[in-house]
Protein chains: 2
Amino acid sequence: MIELDPIDRKILAALQADGRMSNLEVAELVGLSPTPCSRRIKRLEESGVIQGYAARINPLALGLSICVVVSVRLAKQTPDAASQFLSAIEDRPEITECLLVTGSVDYLLRVWVKDIEALRQFISEALQAIPCVAETSTMVILDTTKSNGLSTVDTARTGPR
Amino acid sequence: MIELDPIDRKILAALQADGRMSNLEVAELVGLSPTPCSRRIKRLEESGVIQGYAARINPLALGLSICVVVSVRLAKQTPDAASQFLSAIEDRPEITECLLVTGSVDYLLRVWVKDIEALRQFISEALQAIPCVAETSTMVILDTTKSNGLSTVDTARTGPR
DNA sequence: GTTGAAACTTATTAAAC
DNA sequence: GTTTAATAAGTTTCAAC
């Protein structure tokens, strides 16, 4: 694990808030001159603390107006069932996140759809069509606080057919 | 809603994958010359499709090795209870996301902690100390597929005291 | 750690097609 | 939409302190 001093943390906070901030701006913000600031940023990138940069895209602007969390319980927790489930998941662009969790369910999925019909279709045709899926429960997200606003969206999906 | 053609979508995909890609690189990738590409990117930014840019930070590198999803049920769903809960949530830096959802629970929280002891402490001292919280259930995230890798982490939290 | 300077790359704008 | 050219700005590297 790399050691981070308070200045490194300030740099991370700055680049987390604005990933396109120039080295000069970051340097001024954290109270360094550009040269050592640039060195620190490069060190943070090369050590993997900063994994990369991304545009934050607004799913609503792509016509995806509904976001849900779906909990999934598999019929059995065998490696075969898991890999069958995951490969089925892989092909669905509306799933932006898939978490394997402990507890009474096995997976949590984050799913973006454009309307209720698309949601119905996703649940019945995509999810419940997977043989090893025993039970699903859909929670519609009504509001988001403390969001990072960072949803990776499949931009190819909502376009002209 | 802004109209997006296939080239716009390619631009979004490119900047989602690498938010620091230069206009020249994006232009070449999508098959445009730099001038119109720059205009499109600016249009996407100004229309809110691109909300901003962010560094992707690896929470593990900050010493946060455990991520959990906590479902929370409130004793009653009154506006008072909700605002009491949300203001208590606001102060906790380990909570990186808070979703209001439909279904058998009221909120889903995403929480990063450095170890099990910090998790225990968070649940007992932070969460269950909120008066209106009736029930919580913690799911430890064992694996993440299809992650966007974009967790906004409070970089000030794990540093020297 | 700091400053300053040079070489290189990029962004932006304007003009012409 | 394209190309070209000019200006402005940022990055990187080097030296010296």
Open item on the list: For a quick check, with a 4.0 angstrom heavy-atom cut-off, what is the B/S/- contact string for nucleotides 4-17 of chain C, read 5' to 3'?
Closed with: B-----SSSSB---
Length of the [atom1]-[atom2] vector between [X] and [N], whole Å:
{"X": "A:Arg39", "N": "D:dT12", "atom1": "CZ", "atom2": "P", "value": "12 Å"}
{"X": "B:Asp5", "N": "D:dG1", "atom1": "CG", "atom2": "C1'", "value": "12 Å"}
{"X": "A:Leu15", "N": "D:dT11", "atom1": "CG", "atom2": "P", "value": "11 Å"}
{"X": "A:Glu28", "N": "C:dT3", "atom1": "CD", "atom2": "P", "value": "12 Å"}

- [ ] Report yes or no: do B:Leu15 and A:Leu60 belong to one cluster of Ile/Leu/Val/Met/Phe/Trp/Tyr joined by side chain heavy-atom distances under 4.5 Å?
- [x] no
- [ ] Determine, using the 4.5 Å side-chain heavy-atom cutoff (strictly less than), whether B:Ile95 and B:Val140 are members of one ILVMFWY cluster.
- [x] yes
Open item on the list: Return the OG to CE distance between B:Ser71 and B:Met139, rounded to the nearest 0.5 Å.
Closed with: 4.5 Å
Open item on the list: Taking the basic N atoms (NZ, or NE/NH1/NH2) and the acidic carboxylate oxygens, is any pair closer than 4.0 Å for A:Lys42 and A:Glu45?
Closed with: no
Open item on the list: Does C:dG1 have OP1 or OP2 under 4.0 Å away from a side-chain N or O of A:Arg40?
Closed with: yes
Task: Of all pairs that satisfy side chain to side chain donor-acceptor pair (under 3.5 Å), the ones with a partner from residues 24-39 of chain B, not counting sequence neighbours - done: B:Ser22-B:Glu25
Task: Flag if over 12 foreign heavy atoms under 6.0 Å of CD, A:Glu3 - done: no
